Amino acid sequence: MDRCHPSEVYELFVRHMNTPRVVVDNGVCATATLVQVHSARKHGVLLEAVAALSDHGVCVRKGYISSDDGRWFMDVFHVTDAAGRKVADDDALLARLESSLSADALPPRTPPAAGMAAVAGGAHTLLELVGADRPGLLSEVFAVLHDLRCGIVDARAWTHGGRVAALVFVRDEETGKPIDDASRVRRVESRLRHVLRGGARGARTILLADAEAVNLDRRLHQLLNEDGEAESPAGQAEQPTTTAVAVQDWGERGYSVVTVSCRDRPKLLFDVVCTLTDLDYVVYHGTFDTDGDHAQQEFYIRRLDGQPISSAAERRRVIQCLQAAIERRASEGVRLELRITDRRGLLAYVTRVFRENSLSVTHAEITTRGDMAMNVFHVTDVAGRPADPKTIDDVIQRIGTESLRVDEERWPRLCSTEGDAGRSGGGAGIFSLGSLVKKNLASLGLIRSCS
């Protein structure tokens, strides 16, 4: 029997120690599925765990994060499906988590650099668009792509703070292959830059090499953060009073404590952890909990260099970026679902109908499966107010009552807006260093000196 070289044995040992161990248990809690992740500390592992849960479509109801401040950490999540029940297929959830957190699957910490690069990605080509938002912009983008014979396979677009970010997967309409001809790529970029005019930083069109490895939600957050949307006066003006973020110091332990109190929604934990990770902060301890559709989260963080937040400007930037991350995904307007056989120019036509009826798209999620287009749009009037029901009805009649319909959120809302407003009035008392994290972690015996 062949013996392994000592260096190979050591390499296998290191790989084993660095591979997170995942437990999914449906028997511990009567109302939720328990997910535990144990891992050697590595920047980004927490984000990958939360992203895997979000991608699986489960809701994180509560949980905690703890570590020994250096070598390892443990995450515990109480999750349910969208209807508030235990996760039925826990084996599939376990497989997704193990795959996402394997040593080979963890992506590099630094995202692809922004620039005027253009390369084919997987089976399609990925366009990244950032610019100043305005009514009808998405319609113009889709019209340009249709004119240039670019078939849209999938797309996602967010608007916030007067800015728009979009990721659009395209392929050649004739051949179905990636668009990798350099002259054609330059023509596409030039036309789109013209449409995405204005803004201090201008518009960018970026094609990435490995489209399959891109976390679309994370990349949209990154694009808007790089664009300065969070710090813009328009972005700050949009923040509602029901979202409260505070950052305080815990000097004796060398932590900064970030507390978030807001309305709960799908992927809220992902958005917060993603923002902290991309701002180069490490979460050492934390808890998150929900009560109805109200969420409260508290995290003990340090920078990658091990230091806490050290200036008022840095604290202000963290608060602004977290508020923007929470609010930019909060879909505004009427939710319209389109399910129809895909055809050339479909999105250009549908969004033109929206524009001609004075509807503005605030969020869009475009998906193609086989020959079917399954798209979701959130629309308001051009001033950002709720759309007139008669206008919505006219649009549905024009596009097709069997294809387009108004749909409530798939995720249940368990509390009223008035309930949130009542909580926000006492928000100042929520943010104390002796609150959620210290109580919960002390009761678990994880940070005994916090009591």
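Being a predicted model, the structure only gives us computed values, none of them experimental. The basis for the numbers below is simple: all heavy atoms, side chains too, and nothing from hydrogens, waters or symmetry mates.
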Salt-bridge contact Arg171-Asp180 (side-chain N to carboxylate O under 4.0 Å): no

Ionic contact status for Arg263 with Glu327, cut-off 4.0 Å: no

Aromatic plane relationship, Phe270 with His221 - under 30° parallel, 30 to 60° tilted, over 60° perpendicular: tilted

Side-chain heavy-atom pair Glu298, Val258 within 4.5 angstrom cut-off: no

Check: His285 ring centre within less than 6.0 Å of Tyr64 ring centre: no

Salt bridge flag under 4.0 Å for residues Arg315 and Asp249: yes

No-hydrogen, no-angle side-chain donor-acceptor test under 3.5 Å, His294 and Ser261: yes

Mutual orientation of the aromatic rings belonging to Tyr255 and Trp250 [parallel < 30°, tilted 30-60°, perpendicular > 60°]: parallel

Thr80 versus Arg85, side-chain donor and acceptor atoms under 3.5 Å: no

Flag, side chain of His363 to backbone of Arg328, donor-acceptor distance under 3.5 Å: yes

Tyr281 six-ring centre to Arg302 NZ/CZ under 6.0 Å and within 45° of normal: no

Donor-acceptor under 3.5 Å (Ser67 side chain, Tyr284 main chain): yes

Lys/Arg-Asp/Glu bridge criterion (N-O < 4.0 Å) met for Glu365, Arg335: no

Arg329 bridged to Asp217 by N-O distance under 4.0 Å: yes

Short side-chain donor-acceptor distance under 3.5 Å, His56 and Arg96: yes

Asp278 side chain to Gln222 side chain, donor-acceptor N/O pair below 3.5 angstrom: yes

Heavy-atom side-chain proximity of Leu126 to Val168 below 4.5 angstrom: no

Val382 backbone acceptor or donor facing Ser360 side chain under 3.5 Å: no

Salt bridge Arg303-Asp280, side-chain N to carboxylate O under 4.0 Å: no

Test item: Thr362 side-chain N/O and His378 main-chain N/O as donor-acceptor pair under 3.5 Å: yes

Salt bridge present between Arg265 and Asp271 (N-O < 4.0 angstrom): yes

Main-chain N/O of Val353 paired to Asn357 side chain as donor or acceptor, under 3.5 Å: yes

Lys86 side chain vs Cys29 backbone, donor-acceptor pair below 3.5 Å: yes

Polar side-chain atom of Thr391 near backbone of Ala387 as donor-acceptor pair, under 3.5 Å: no

Side-chain donor or acceptor of Arg184 paired with backbone N/O of Leu148 under 3.5 Å: yes

